[in-house]
**Q** 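My questions will all concern the structure given below.
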Number of protein chains: 2
Amino acid sequence: MECPNCKLNEDLEFTRKVVKAGIVRGAQRYYCNHCKTHFSEKRKLKIENKNSHQITILDIAKHLGIAPSTVSKALNNKSDINVETKNLIVKLATDLNYKPNHFAKSLSRGNSNTIGVIIPNIERPFFAAVLAGIQSVASKAGYSVIICQSDESHQTEILNIQTLMASRVDGLLISHTKETSSFEHLKIHRNKGVPIVHFDRISNEMDSSKITHQNKEGSFQLVEHLIENGCKRIAILAGPKELLISNDRLDGYIAALNKYAIPIDNDLIYNSNFQKDETTKVLDFWLSLENPPDAIFTVFYLNAIEMMVEAKKRNIKIPEDIAFVGFGDDLIAELFEPSLTVFHLFPFKMGEKAANVLIENIINNEHSKSKTLEITGKLIVRKSSLKS
Amino acid sequence: MECPNCKLNEDLEFTRKVVKAGIVRGAQRYYCNHCKTHFSEKRKLKIENKNSHQITILDIAKHLGIAPSTVSKALNNKSDINVETKNLIVKLATDLNYKPNHFAKSLSRGNSNTIGVIIPNIERPFFAAVLAGIQSVASKAGYSVIICQSDESHQTEILNIQTLMASRVDGLLISHTKETSSFEHLKIHRNKGVPIVHFDRISNEMDSSKITHQNKEGSFQLVEHLIENGCKRIAILAGPKELLISNDRLDGYIAALNKYAIPIDNDLIYNSNFQKDETTKVLDFWLSLENPPDAIFTVFYLNAIEMMVEAKKRNIKIPEDIAFVGFGDDLIAELFEPSLTVFHLFPFKMGEKAANVLIENIINNEHSKSKTLEITGKLIVRKSSLKS
DNA sequence: AGTGATTGCGAAAACAATTTCGATACAAAT
DNA sequence: ATTTGTATCGAAATTGTTTTCGCAATCACT
């Protein structure tokens, strides 16, 4: 065995004394008593992964005999480059089917070109449509989207935020849990300058941008529509008190009653948690009143469907005995018998708008400017409310 | 103005002749006639972004006076490290709230810990549920998920694949477009060793792993159920011929008819594209037959609902005149009048399974081993098929 | 000739991890 | 006493990109 050290030094005449010196990581190890140095056999590595080699900026640079920095400039439309060399580089890049490595780019630039989305549940048609809207504008703008579900759990929401921040998202779109009433977990990142846009389930406690529905206006229209159809005792199944969205809708309800000088009856106002068993209980409570409601407005349209199912079981005529209206829309609201009068929301549009605002904020670094946008909805009258 | 070069060399006694030499990138530039060198004023940069500095492996190393490589080993459970130093490092890392930079990790390791999913449309409840299942197991295994929608367009599907591959996903989950009949765009990557798992809309043309429903069995059960309920002329609204899933379901239909010696009538077999206007046309065609069907089986449950809506408009009694059954389930199938008998699928489970198989393939590098798994479904009998 | 401005390019330093392998110390075996 | 094995650590290379800034060349004025 020859000592590579002595060999290099060409001290060939010296008495070399190379002895074995154990095995390290599977390879025989030697010790040269001449140059007092250890060495081991080089392992044959790099399993020739030429086939999986993605071509890089360096490959292009070598091909053309130029520097990688020049290639980078050409591919990123920097001004600091000659048009001819740029064209040369761009052509070769497309010819070689060059795809930039996002990880290297992100590492170097310090951003990810990714936005995070937190929604309660992807399986709810509303949120699925919002997502579709978000995806649509995000991909057009060159952003990827990471989606997290909070499952209506405040704890999970906090974990989601940690996950997304660990993924170094450039911005955050969030619709809160119905449990969420404190926002410290978000404010931390907001204060660090992460752009955040709230949608649907928003809060006034944060000064970030918000996209919301015409909650007050929609409620008002629904209730006014009921009143115009002769309803006088209108009950409301409102949402959780924590949610701003619930309160806004409640406000619209009250505003409409006030306009028509209908007294507010607290028995007819119930804050629910959107759970099915709860809605049934509330329905029975209202039916048990000596003066039961002649119309029910649920803040979440599915609750109206659930209530109608139960009401039909109890032989209540809809809309003659009780009319129903709800917030939000779906195929089921249209096809259920009787079809449900709703204030139709535009979730896809909401997603588009939210993503737009967020990306604007990211690009312009407008952490501070916070605006609130309302997506216009639309009253769709169907059978469940037409008493005539 | 002092020349930084001469200053460094401490040649202070030399006559230094520093002259202005233009402005470069907004900064004054100078030329030193002594050392024949250009220099410009250093700009005050690095806007003190200390507050946004994420702590790195190097910070930990410096704190403890050790090498970053040691920290990396400690944080990655490598054997090559002392338990005590490891504990020390881990403690400091948690104290400092260290979050590894995924980009650096991916760049260095050459993988992304991300899986790509391509579905036709996120807004269809079935796919939303599959996604939820995928997310569930992926996040538990430490994988992120990127979602792309093909929108039933073969071209978009190809673009999706390019996007995902450019994102260097570690593996791919895909449910094909109803247009898709060639698979070259996928095979390229498959041959490069990218693990791919197909689900729902699968194909036999590729040798990758597949997760499917009990398509034949489910069809068979639905049709048998119809026959047991006295139906003799059973029509089937099958899916596009390109889809394997359509053909499997058609096979189940034929098998059931054969078992009960009911002749196959080609007038009663129609390959549709799942479009609403088409289903209406087909319904009218069937109604116009001199011997119209007494039951209709749609391969996609929503088509059954659509047909029932139209049938009701034409005063057809369901199930007395025509019974309906379909593949797939949803709240609407349960609440529509009459409620629809279906072969209930388990999309969430399908998503879980698909993600599991894919991650297994990724970890074990099993590009070659391809298995096909069937998710068991369940016949749910409702009113639309009970003639008695 | 002296000064000012502009253009095009490249070397080198980040970016934040992982991985390889040399070095050392010490224990155990021969 | 010499040889071998093991445990622990760190220096340096690697990953692919962006960014900064120096340098040379050129042109246009005085």
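The sequence lines fix the lettering, A, B, ..., with proteins before strands; numbering per chain opens at 1.
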**Q** For B/R168 versus A/K99, what's the shortest heavy-atom pair and its separation?
**A**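 Smallest heavy-atom distance, with atoms named: NH2-O, 3.7 Å.
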**Q** Give the rounded distance in Å between these two atoms: CG of A/N82 and C1' of D/dA25.
**A**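 The answer, rounded to whole Å, is 13 Å.
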**Q** Does a donor on one side chain and an acceptor on the other come within less than 3.5 Å for B/D207 and B/S370?
**A**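 On atom types as modelled, these side chains do not qualify, holding no pair under 3.5 Å.
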**Q** List, one per line, each side-chain donor-acceptor pair under 3.5 Å for residues 60-75 of chain B, sequence neighbours excluded.
**A**
none

**Q** Between C/dC9 atom P and A/K73 atom NZ, what is the distance in whole Å?
**A**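 Nearest whole value for this atom pair: 9 Å.
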**Q** What residues from residues 93-110 of chain A pass a heavy-atom cutoff of under 4.0 Å to DNA chain C?
**A**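 By residue number: A/L107, A/S108.
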**Q** Measure from CD1 on B/I57 to C1' on C/dT18 and round the result to the nearest Å.
**A**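 About 8 Å, once rounded to whole Å.
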**Q** Please test A/H198 against A/S208 for side chain to side chain donor-acceptor pair (under 3.5 Å), starting from the C-alpha separation and ending with a verdict.
**A** CA-CA 7 Å; A/H198 298 251; A/S208 36; 3.0 Å; yes
**Q** Using whole Å, what does the distance between atom P of nucleotide C/dC9 and atom CG of A/L88 come to?
**A**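 The answer, rounded to whole Å, is 10 Å.
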**Q** Would you sort out whether A/N113 and A/N111 count as a side chain to side chain contact (heavy atoms under 4.5 Å, CB included), showing the intermediate values?
**A** CA-CA 6 Å; A/N113 264 271; A/N111 69 359; 3.8 Å; yes
**Q** For A/I188, enumerate each residue passing the side-chain contact (heavy atoms from CB on, under 4.5 Å) test, keeping only those at least two apart in sequence or located in another chain.
**A**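 Not a single residue meets the side-chain contact (heavy atoms from CB on, under 4.5 Å) criterion with A/I188.
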**Q** Expressed in angstrom and rounded to an integer, what is the separation of B/N77 atom CG from D/dT8 atom P?
**A**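 Rounding to the nearest Å, CG of B/N77 and P of D/dT8 are 14 Å apart.
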**Q** As a test of understanding, state which of A/L358, A/I115, A/L186 forms a side chain to side chain contact (heavy atoms under 4.5 Å, CB included) with A/L172.
**A**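 Checked A/L358, A/I115, A/L186 against A/L172; only one passes side chain to side chain contact (heavy atoms under 4.5 Å, CB included): A/L186.
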**Q** So which of residues 63-72 of chain B are in contact with DNA chain C, with a heavy-atom cut-off of under 4.0 Å?
**A**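 Residues of residues 63-72 of chain B that come under 4.0 Å of DNA chain C are, in numerical order, B/S69, B/S72.
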**Q** Establish, with yes or no, whether the OP1 or OP2 oxygen of D/dT19 is under 4.0 angstrom from a side-chain nitrogen or oxygen of A/K78.
**A**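 Yes, because at least one side-chain N or O of A/K78 sits under 4.0 Å from OP1 or OP2 of D/dT19.
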**Q** Answer whether the closest heavy-atom distance between the side chains of B/M165 and B/V194 falls below 4.5 Å.
**A**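 Answer yes - side chains close enough.
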**Q** Please report, rounded to the nearest Å, how far the P atom of C/dC15 is from the CG atom of B/L58.
**A**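 Whole-Å distance recorded here is 10 Å.
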**Q** Does CD belonging to A/Q155 count more than 12 external heavy atoms closer than 6.0 Å?
**A**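 Incorrect, the count does not exceed 12.
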**Q** Find the distance A/E84:CD to C/dC9:P and express it as a whole number of Å.
**A**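 Distance check: A/E84 CD to C/dC9 P gives 9 Å.
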**Q** Just how large is the angle between the end axes of the helix from C/dA1-D/dT30 to C/dT30-D/dA1, five pairs per end, to 10 degrees?
**A**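 Overall, the helix from C/dA1-D/dT30 to C/dT30-D/dA1 bends by 50° from one end axis to the other.
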**Q** Quick one: which of B/S144, B/S112, B/P195 gives a side chain to side chain contact (heavy atoms under 4.5 Å, CB included) with B/D170?
**A**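 Of B/S144, B/S112, B/P195, side chain to side chain contact (heavy atoms under 4.5 Å, CB included) with B/D170 is met by B/S112 alone.
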**Q** Classify the side chain of A/D80 versus the base of C/dC9 as yes if they form a donor-acceptor pair under 3.5 Å and no if they do not.
**A**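 Looking at the base of C/dC9, it does pair with a donor or acceptor on the side chain of A/D80 (distance under 3.5 Å).
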**Q** If a pair satisfies salt bridge (charged side-chain N to carboxylate O under 4.0 Å, His left out) and one of its residues is in residues 101-111 of chain A, list it, with sequence neighbours excluded.
**A**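 Sorted result for residues 101-111 of chain A: empty, none.
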**Q** Between B/V83 and B/R168, which residue's closest nucleotide on DNA chain D lies nearer the 5′ terminus?
**A**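 Checking each residue's closest nucleotide, the 5'-ward one belongs to B/V83.
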**Q** In whole angstroms, how far is the C1' atom of D/dG10 from the NZ atom of B/K62?
**A**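 Atom NZ in B/K62 sits about 16 Å away from atom C1' in D/dG10.
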